[in-house]
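The structure appears right after this line, and notes come after that.
This one's a predicted model, so the numbers in the text were calculated from it and none came from an experiment. Remember, it's 1-based here, ligands and their atoms both numbered in the order they're listed. Position 1 is the first residue of the sequence, and the numbers go up from there.
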Amino acid sequence: MIIKQIRLFEQPCLIFFLACVLTFTLTSSASAEIGNSKSQIEQRYGDYSLVQDGFNRIWTQSEWKSTLNSSAKAYGYMTIVGEMNATVWIEYNAQNRVVKETQIMDGNIKIRDFQNCFGELYTDIIAADSTVFVNSTFPELRVIVRKSDNKYNLIRFFIDNLKANAKINMHSKIHGFEITEIAPGDAKNYLKKSRFNRIASNLNAQQSSRDDNWLKTDNYFQPELFFSENLLPRKKTDMIVIHHTAIEDMSVSDIHELHLKKGWAGIAYHKVILPDGTVENGRPENLIGAHALGANPRSIGIVLVGNFESKSPTVVQMDALVKLTLELMRKYHIPLENIMPHREVTQGTTCPGVFFPWQEFIQRIKLNTSETLM
Ligand SMILES: [Zn+2]
């Protein structure tokens with residue numbers, strides 16, 4: 001089986017990973033503290049070390065105690081995340097309940113390593129009723145998590161080194177996050193698709209140029225793609241259609257975002273073959289794709305990443321394609337004559353490109369299918 005899941009832990013930084021796992025139980029700096037009491041916070045983190053005043057000045061505890069100033073805006077508690085020091089800033093209301101929690105780490109972690117360091121919060125984020133969205137103009141990531149019927153938290157992530165129009169994905173690095181409770185009405189409006197953009201931009205009113213660019217998107221914390229509509233199962237599978245992306249260097253999430261922006265449900269293809277021969281999953285294999293007008297209800301779409309109008313696929317990419325095609329042919333009993341280039345199924349396209357070696361590909365499939373028959 002060559003099909004890999006999107007590789008969540010393929011190349012973990014092992015030391016960091018272990019550090020996270022080992023220190024997790026010690027620090028338990030994990031769940032949202034919203035609503036907790038001051039004494040619960042101090043049981044967890046110990047006494048505060050820092051104070052932020054109403055002018056955003058930072059005081060040490062001893063400095064603070066020596067002033068007569070009593071209006072603290074937030075208290076800073078020291079903790080450890082993985083091998084990093086981190087500060088948890090807590091804002092309390094008049095009843096000493098937490099209304100806002102901000103964690104700032106000295107370094108950063110990749111989104112895909114979040115689970116190892118923030119296990120409880122991760123569980124909230126990947127819950128079925130949580131919603132992840134990004135601003136496509138100025139990269140920003142937010143998640144709404146549902147805590148109970150009438151309680152929703154909004155988590156804003158602080159993402160490192162992102163330029164305008166950069167892509168957020170599971171490899172993006174975060175150095176902290178802020179959690180606040182949002183009113184049930186606001187949360188429900190957020191989550192209504194038709195009103196989604198407007199409400200999201202209301203919460204972001206001070207940055208009006210970013211309005212209308214919020215997209216409900218993949219849950220980057222887990223390796224599953226978000227589709228904007230319900231997809232239907234395919235009743236019959238008797239064809240495979242081969243494509244190229246026509247754009248170099250695309251990842252599965254790049255293709256997915258591009259197709260979402262086109263107003264489609266999400267990535268149109270079922271399988272994606274990268275230039276290094278890795279096969280990744282796109283749209284679930286049993287659901288109707290959106291890759292070949294006229295043939296979608298009966299076919300599986302495979303796309304090779306690259307522009308084969310200007311160059312050929314890589315050798316390993318073709319090897320992977322042959323192997324994958326043979327596997328799918330056997331699985332669904334698809335005949336050789338139903339292995340199609342996109343251009344023969346849909347008019348007006350040259351896909352998968354003039355440099356795609358179609359005859360050689362079909363010869364290799366023929367050779368392998370006749371060998372297995374003998
Ligand atoms: Zn195509």
Side-chain angles (χ1 to χ4, degrees), residues 2-3 6 167 225 227-229 231-234 236-329 331-332 334-365:
I2 55 169
I3 300 157
I6 294 176
K167 291 265 168 30
L225 301 173
F227 287 88
S228 66
E229 317 166 10
L231 303 174
L232 297 173
R234 198 174 46 253
K236 130 176 149 177
T237 304
D238 68 352
M239 184 182 279
I240 296 171
V241 181
I242 312 293
H243 304 263
H244 70 150
T245 53
I247 300 172
E248 305 285 346
D249 296 328
M250 292 193 98
S251 66
V252 171
S253 53
D254 291 339
I255 302 169
H256 187 64
E257 294 286 335
L258 181 72
H259 290 181
L260 279 170
K261 279 183 193 155
K262 286 183 175 181
W264 301 351
I267 187 167
Y269 314 106
H270 300 95
K271 300 291 172 191
V272 179
I273 305 181
L274 305 181
D276 71 359
T278 307
V279 178
E280 294 194 337
N281 291 319
R283 191 171 289 219
E285 189 181 306
N286 64 320
L287 303 179
I288 297 178
H291 55 96
L293 195 64
N296 288 316
R298 60 186 285 200
S299 66
I300 291 178
I302 303 176
V303 69
L304 282 69
V305 173
N307 181 1
F308 309 142
E309 291 296 345
S310 57
K311 68 173 197 195
S312 303
T314 67
V315 171
V316 283
Q317 215 171 7
M318 288 307 296
D319 289 347
L321 176 64
V322 168
K323 197 173 170 197
L324 175 64
T325 304
L326 288 166
E327 283 172 1
L328 292 171
M329 286 171 77
K331 182 170 174 184
Y332 295 97
I334 300 171
L336 180 71
E337 61 270 24
N338 282 3
I339 310 302
M340 296 287 198
H342 184 196
R343 59 179 173 256
E344 280 185 28
V345 178
T346 310
Q347 286 192 336
T349 177
T350 55
C351 180
V354 293
F355 285 95
F356 183 97
W358 189 261
Q359 286 314 319
E360 183 193 324
F361 168 60
I362 289 299
Q363 286 307 319
R364 288 180 70 181
I365 297 291

### Task
Please indicate whether Gln347 has more than 12 foreign heavy atoms, meaning atoms of other residues, nucleotides or ligands, lying under 6.0 Å from its CD.
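Open: at most 12 neighbouring heavy atoms sit under 6.0 Å from CD of Gln347.
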### Message
When you measure from the Zn ion (ligand 1) to the N, O or S atoms of His291, does any of those distances fall below 2.8 Å?
### Response
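So His291 does not bind the Zn ion (ligand 1) by this criterion.
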### Query
Of all the atoms in His244, is at least one N, O or S atom closer to the Zn ion (ligand 1) than 2.8 Å?
no
### Query
Are His291 and His342 linked by a side-chain donor-acceptor pair shorter than 3.5 Å?
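Side chains of His291 and His342: no pair found under 3.5 Å.
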### Message
Quick check: of its N, O or S atoms, which one does His243 have closest to the Zn ion (ligand 1)?
### Response
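Output for this pair reads ND1.
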### Message
I'd like the atom name of the N/O/S atom in His342 lying closest to the Zn ion (ligand 1).
### Response
ND1
### Query
Are Tyr269 and His259 close enough that their ring centers fall under 6.0 Å?
yes
### Query
Pick from Ile300, Ile365, Leu336: which one makes a side-chain contact (heavy atoms from CB on, under 4.5 Å) with Thr325?
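For Thr325, the side-chain contact (heavy atoms from CB on, under 4.5 Å) check succeeds only for Ile365.
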